[in-house]
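Reading through the structure tokens given below for one structure.
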Amino acid sequence: MSHQTVIVLDFGGQYNQLIARRVRECGVYCEVKPYTTPLEQLKAMAPIGFIFTGGPNSVYEEKAPHVDPAIFELGVPVLGICYGCQLMAHTLGGQVTAAQEDTAREYGKTETYYDTTCKLFKGLPEQGISWMSHGDYMAKVPEGFALTAHTDACPNVAIADEKRGFYGVQYHPEVNHTQHGVDMIRNFLYEVCGATGDWTMEDYKNTAIRDIREKVGDGKVLLALSGGVDSSVAAALLAEAVGKQLTCVFVDHGLMRKNEGDEVEAAFARWDINFVRVDAETRFLLKLAGEAEPERKRKIIGEEFIRVFEEEAKKIGRVDYLVQGTIYPDVIESGAGDAAVIKSHHNVGGLPDYVDFKEIIEPLRLLFKDEVRQLGRELGLPEYLVMRQPFPGPGLAIRVIGDLTKEKLDTLRDADAIYREEIAKAGLDRSINQYFAVLTNTRSVGVMGDGRTYDYTLALRAVTTSDFMTADWARIPYDVLDRISTRIVNEVKGINRIVYDITSKPPATIEWE
Ligand code: XMP
């Protein structure tokens with residue numbers, strides 16, 4: 001694949017992936033590389049521009065990350081953000097010091113004034129809010145640089161040497177709080193680096209299909225389909241590329257949400273592939289019967305999943321390639337810290353090591369999640385699959401608290417479907433990142449008609465989060481909660497009380513088990 005490439009050089013800041021996503025959103029391909037990557041390797045990628053990220057250090061500290069100064073001799077434009085800006089200034093002969101209290105140290109939203117004759121700010125307003133997060137100050141800017149933006153507290157929040165194509169900003173243009181921040185990044189890419197916007201999903205799709213066909217030849221490909229976004233999009237891509245040579249094994253453990261198994265199967269009906277749906281509900285429920293302890297439930301499901309998959313793989317015989325839905329955030333190497341960590345993520349966790357295959361194909365490993373969704377749309381997957389919220393591998397088993405029965409699962413499925421329907425109707429399905437119902441094993445007394453009931457309490461969970469590591473409970477409007485509650489107690493037998501979970505993570509987790 002040959003695209004114009006921008007390299008995001010990572011100095012360990014917290015927004016580094018966000019910078020890369022912004023660049024991609026502007027239609028330009030980019031890769032995140034640790035700052036320790038040898039210059040020769042970076043040169044070999046023939047970048048049209050570099051973006052130096054922020055980072056937790058101060059450039060004047062002994063152990064602070066540095067770059068090979070020769071990077072500035074390549075004739076390639078550089079945009080330095082926060083630490084990246086200070087590093088550029090420091091390396092090119094400027095002076096960076098710790099800011100004095102109340103002078104040039106800035107955090108948070110700050111009114112900023114821009115020189116719009118600078119290419120970075122071309123066509124943008126002369127004034128706006130920017131998001132600052134820096135404790136250092138450029139006491140002296142390097143030769144050749146002009147000051148191009150300031151705040152009331154700080155005279156030099158942006159610098160530029162337009163002749164050499166070097167730009168630096170102390171604030172974070174990549175975060176939403178910075179007004180027109182993305183436009184500034186776009187200006188850097190198109191006005192300074194000469195980007196043409198050749199990164200589109202249609203192009204990616206066509207190239208990926210060609211590459212997969214070349215690699216696979218007439219070999220056999222196996223994919224474990226979970227119904228999640230990544231494995232579904234990977235499956236659709238492979239289906240388009242190699243058709244009948246692909247076998248998707250979809251283990252339906254009976255712990256899916258309402259109609260989910262059928263929806264997944266229907267989405268793949270248009271491709272002429274081998275689609276194996278293993279109806280394993282009975283064997284999963286048998287294994288889980290009487291088990292109330294959350295960790296044991298998870299373990300049983302994980303193990304049983306592997307057993308089923310193995311059995312199916314054996315039936316298929318020797319496969320040449322196994323597909324995994326690894327995505328870009330899982331393969332980015334971090335630029336700072338003592339050890340560079342590369343995570344390897346398995347979409348369907350814990351596949352057996354000894355499934356007989358020659359090689360792994362990871363067709364999404366260059367894509368961010370939002371790009372995976374875009375690719376899914378490009379391949380014609382329905383919106384409900386492409387926009388699917390995260391769903392845990394153990395499925396509803398960890399949302400029925402305590403021991404499982406088919407009856408309880410069905411009750412939860414019905415209630416959860418109403419919840420999701422009402423959230424979508426209220427237009428909240430995009431702003432809430434994950435929402436689901438939990439069948440508690442608490443029963444309480446109620447009154448319905450003229451009679452007494454003694455039924456289950458259902459909990460509603462909804463969170464907003466960007467990384468799922470921390471989360472806040474979503475402020476669903478009362479009238480929406482009211483509609484959901486009324487419908488569920490009226491329409492779902494066995495539930496007579498609804499509660500709303502108002503705990504954040506931490507201290508709670510998103511799932512209840
Ligand atoms: P917790 O409950 O740990 O969940 O706050 C964080 C996110 O991870 C999802 N989750 C899982 N996903 N297999 C998965 O693929 C699992 O076993 C699993 N457990 C939790 C959860 O839905 C949330 O998005």
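Quick caveat: nothing in here was measured; it's all calculated off a predicted structure. Atoms within each ligand, like the ligands themselves, are counted from 1 in listed order. Computed over heavy atoms, backbone and side chain alike; hydrogens, waters and symmetry mates excluded.
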For this session: Ignoring angles and geometry beyond distance, decide whether Gly393 reaches within less than 3.5 Å of ligand 1 through its nitrogen or oxygen atoms.
Result: yes
Exercise. Do any N/O atoms on Ile510 end up under 3.5 angstrom from N/O atoms on ligand 1?
Worked result: yes
Problem set entry | Check: Arg298 N/O within less than 3.5 Å of ligand 1 N/O | yes
For this session: Please work out whether the ring planes of Trp473 and Tyr500 are parallel, tilted or perpendicular, with thresholds of 30° and 60°.
Result: perpendicular
For this session: Using a 4.5 Å cut-off on heavy atoms from C-beta on, say whether the side chain of Glu511 contacts that of Arg461.
Result: no
Exercise. For the side chain of Thr465 and the backbone of Phe468, is there at least one donor-acceptor N/O pair under 3.5 Å apart?
Worked result: yes
Exercise. Just which atoms of ligand 1 are under 4.0 Å from any heavy atom in Thr509?
Worked result: 1 (P), 2 (O), 5 (O)
Which pairs would a plain distance check flag for residues 237-247, meaning a side-chain donor or acceptor within less than 3.5 Å of a matching protein atom at least two apart in sequence or in another chain?
from	atom 1	to	atom 2	distance (Å)
Glu240	OE1	Trp271	NE1	2.9
Lys244	NZ	Asp272	OD1	3.2
Gln245	NE2	Gly217	O	2.9
Gln245	NE2	Gly219	O	2.9

Seminar exercise, completed: Near Pro394 (heavy-atom distance under 4.0 Å), the atoms of ligand 1 are 13 (N), 16 (C), 17 (O)
Exercise. Out of Lys505, Glu511, Gln434, whose heavy atom is nearest to atom 24 (O) of ligand 1?
Worked result: Gln434
Expected list for residues 436-444: side-chain donor-acceptor pairs under 3.5 angstrom, two or more places apart:
from	atom 1	to	atom 2	distance (Å)
Thr440	OG1	Thr442	N	3.2
Thr440	OG1	Thr457	O	2.7
Ser444	OG	Arg497	NE	2.8

Problem set entry | 4.5 Å side-chain heavy-atom contact, Phe250 and Val278 | no
Exercise. Evaluating non-hydrogen atoms only, which member of Pro392, Ala508, Pro390 is closest to atom 18 (C) of ligand 1?
Worked result: Pro392
